[in-house]
Structure formats: C-alpha cells, structure tokens
Amino acid sequence: MSHVLTREFFARDAVTLARDMLGKKLLRRHQGQVLGGIIVETEAYLGEDDTACHASRGCTPRTQVMYGSAGHYYVYLIYGMYHMLNIVTGEEGHPQAVLVRALRPVLGVEQMVALRGGVAEKQLCNGPGKLCQALAIDRSFNGLPVDGADLWLEDAPPVDDAHVSAGPRVGIGYASNKDQQRPWRFILHQR
DNA sequence: CACGCGATTTGG
DNA sequence: CAAATCGCGTGT
C-alpha cells in the first residue's frame, strides 16, 4: 500500500530529488476519476546561480513560489499554450524546483486520451506540456501544496541506477554553456 | 506602456 | 522547419 508523499519529502536538494522522484506516482482527481502514472523523466533547476532556472533573474511575481517552502507546485504557462508542472524543493529562500517531464500512463488512460484529443497512448504523457494537458493541470495549481486533494504524489520503491540515465537539460539555449551541460535531466528506462 | 521571447508541441 | 499564442521580464 503506497502512501502520499508529504511536503517534507521535497525539502532536499533538487538534483537528488529529481533522481529520487523517478518511479513515484503522480495522481490527479478529475471529474470523479483518478488519472495519472509513473514519473519517468525529470529535470532539476537549481537556484539563482543556475542560469537555466527562472529564479536566476531573482524573485519576481512568477518565481515567487520557488522562494517559498518545499512541496508546493510551481506551474507556469509557456509559448502561450502549454503548462509546465514543477515541484518546489530545498530550503525556503533557496529557489529550486523539479520539472516533471514525462509519465508512464497508468490510471484513467481513457480519460487522459480524451483530454489529449485522442492521441496514441505512447504520445499521451511523453512531454511536460503533454502530461499537463492529459491531467488537466493549469496555473490554478500554482502555489498549492503537493499533498492536496486533487493532485498528489504517492511513494513507490526506489528505482535501480541500472535503469536510470542522466543527461543535459532540454530547451535551455539561453543558459550559460556550463549550465547547459549540467547532467540534471533524469530518465527512467523500462520498469 | 511597448516590445521580445520562451524549461513546447504539432503539422508540413 | 515554422507557426501557435500570451504572460512575464526588461527597458523606456
């Protein structure tokens, strides 16, 4: 029987957490149904010194949530049409977050397919914008705690290193060369 | 207050 | 390879 991950779980370094979140379940209650799946891809964004992190420009209305306490969602809109789901990590005042980039669909697949406009299951949650669409996640979740009633995470056994790979983060061409190369993207292969 | 662009996805 | 589409950060 898996239990709900509490806010304290996220009060750690974002890189460690991005690795440890692989294999955990992200679940969403939507219109009386539970949707969600297993987290298979994440990225860590680590504070004001990380030029890829939104907080590298300081505390602004958008990044304010990241400066708060761990275990809260940071959700923002990008390209005018896609939402990105992050979880604030680390100590209060140290802006960090883990971006959830992909899920293996497990629960409420039929409903998620409908929310995604009928795409194939393989394309259902294999991207940060896609999974938000599949789980009906928008900015209304920004700032809410991770142990909420409508969107939460559940624990699962740690995944083995043999099934995990790390590499550079995607879509951050505006960051410094050094930060672009940091291996802070984590992928869980197979089961 | 105007301007430029992005932690993406999709279709051509 | 380029469009879609808008909130936010930056500079005037």
Side-chain angles (χ1 to χ4, degrees), chain A residues 10 13-22 24 26 28 35 37 39-68 70-90 94-105 109 112-144 146 151 153 165-188:
Chain A
F10 300 94
D13 165 80
V15 179
T16 307
L17 210 35
R19 160 65 180 81
D20 287 355
M21 279 169 58
L22 295 177
K24 309 304 184 196
L26 176 67
R28 160 82 159 121
L35 318 175
I39 297 174
V40 295
E41 186 179 340
T42 59
E43 277 177 4
Y45 289 88
L46 203 57
E48 294 181 341
D49 294 335
D50 175 11
T51 58
C53 183
H54 290 164
S56 62
R57 286 162 210 212
C59 188
T60 66
R62 185 176 64 156
T63 62
Q64 196 175 7
V65 185
M66 272 198 281
Y67 285 79
H72 292 258
Y73 297 116
Y74 167 44
V75 182
Y76 66 93
L77 184 67
I78 193 168
Y79 302 117
M81 49 176 73
Y82 296 107
H83 295 278
M84 300 283 116
L85 175 68
N86 300 255
I87 296 176
V88 177
T89 67
H94 293 247
Q96 332 180 339
V98 172
L99 170 67
V100 182
R101 288 192 58 87
L103 303 178
R104 191 197 337 278
V109 174
M112 291 196 287
V113 169
L115 284 163
R116 288 272 296 122
V119 301
E121 188 169 333
K122 197 168 186 177
Q123 320 289 322
L124 196 52
C125 299
N126 62 337
K130 296 178 184 180
L131 74 89
C132 283
Q133 191 176 16
L135 299 194
I137 294 170
D138 59 25
R139 289 183 309 165
S140 66
F141 286 94
N142 190 51
L144 296 185
V146 290
L151 183 63
L153 288 90
S165 66
R169 295 170 290 179
V170 204
I172 54 165
Y174 56 86
S176 71
N177 288 334
K178 195 168 185 177
D179 286 333
Q180 285 189 46
Q181 290 170 39
R182 295 186 194 281
W184 289 349
R185 177 193 194 194
F186 298 91
I187 298 174
L188 171 62

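Order of the sequence lines sets the chain letters (A, B, ...), proteins ahead of strands, with each chain counted from 1. In this text, all values refer to a predicted model and were calculated from it rather than measured experimentally.
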C/dG11 OP1/OP2 closer than 4.0 Å to side-chain N/O of A/Arg57: no
Rounded to whole angstroms, how far apart are CG on A/Leu131 and P on B/dT8? 12 Å
If only side-chain N and O atoms count, and only distance matters, is there a donor-acceptor pair under 3.5 Å linking A/Tyr67 with A/Glu48? yes
How close do A/Thr42 and A/Arg19 get, heavy atom to heavy atom, and via which atoms? OG1-N, 4.5 Å
Could you tell me whether the phosphate oxygens of C/dC8, OP1 or OP2, come under 4.0 Å of any side-chain nitrogen or oxygen in A/Thr60? no
With sugar-phosphate meaning primed atoms plus P, OP1 and OP2, does A/Arg185 contact a base, only sugar-phosphate, or nothing at under 4.0 Å between heavy atoms? nothing
Under 3.5 Å, is there a donor on one side chain and an acceptor on the other for A/Lys130 and A/Asn126? yes
Taking the side chain of A/Met81 as heavy atoms from C-beta outward, which of C/dC6, C/dA4, B/dT8 is closest to it? C/dA4
Looking only at side-chain N and O atoms, does A/Arg62 come under 4.0 Å of OP1 or OP2 in C/dG9? yes
Return whichever of A/Val119 or A/Gly171 has its heavy-atom-nearest nucleotide of DNA chain B closer to the 5' end. A/Gly171
Quick one, A/Arg169 and A/Asp50 - any side-chain contact, counting heavy atoms below 4.5 Å? yes
Send over the distance from A/Ile78 CD1 to B/dT10 P, rounded to a whole Å. 15 Å
Quick one: label A/Met84 by what it contacts on the DNA or RNA (base, sugar-phosphate, nothing), any heavy atom closer than 4.0 Å. sugar-phosphate
Would you kindly give the NZ-to-C1' distance between A/Lys122 and B/dT10, to the nearest whole Å? 18 Å
Within the structure shown, what part of the strands sits under 4.0 Å from A/Ile172 by heavy-atom distance: base, sugar-phosphate, or nothing? sugar-phosphate
Here the distance between atom P of C/dG9 and atom OH of A/Tyr79, to the nearest Å, is 16 Å
What is the distance, to the nearest angstrom, from the CZ atom on A/Arg139 to the C1' atom on B/dG6? 14 Å
Using a cut-off of 4.0 Å on non-hydrogen atoms, how would the nucleic acid contact of A/Arg169 be classed: base, sugar-phosphate, or nothing? nothing
How close or far is atom C1' of B/dT8 from atom CZ of A/Arg116, stated in whole angstroms? 11 Å
Nearest-angstrom distance from the residue atom CG of A/Leu77 to C1' of B/dG6: 10 Å
A/His83 NE2 to C/dC6 C1': how many Å, rounded? 11 Å
Is there a side-chain contact between A/Leu153 and A/Phe10, using heavy atoms and a 4.5 Å cut-off? yes
Which whole number of Å gives the distance between the P atom of B/dA2 and that of C/dT5? 22 Å
Tell me whether A/Tyr82 is stacked on the nucleobase of B/dT8, counting only the six-membered base ring and applying the 5.5 Å and 30° thresholds. no
Who does C/dT5 pair with, Watson-Crick or G-U, both distances under 3.5 Å? none
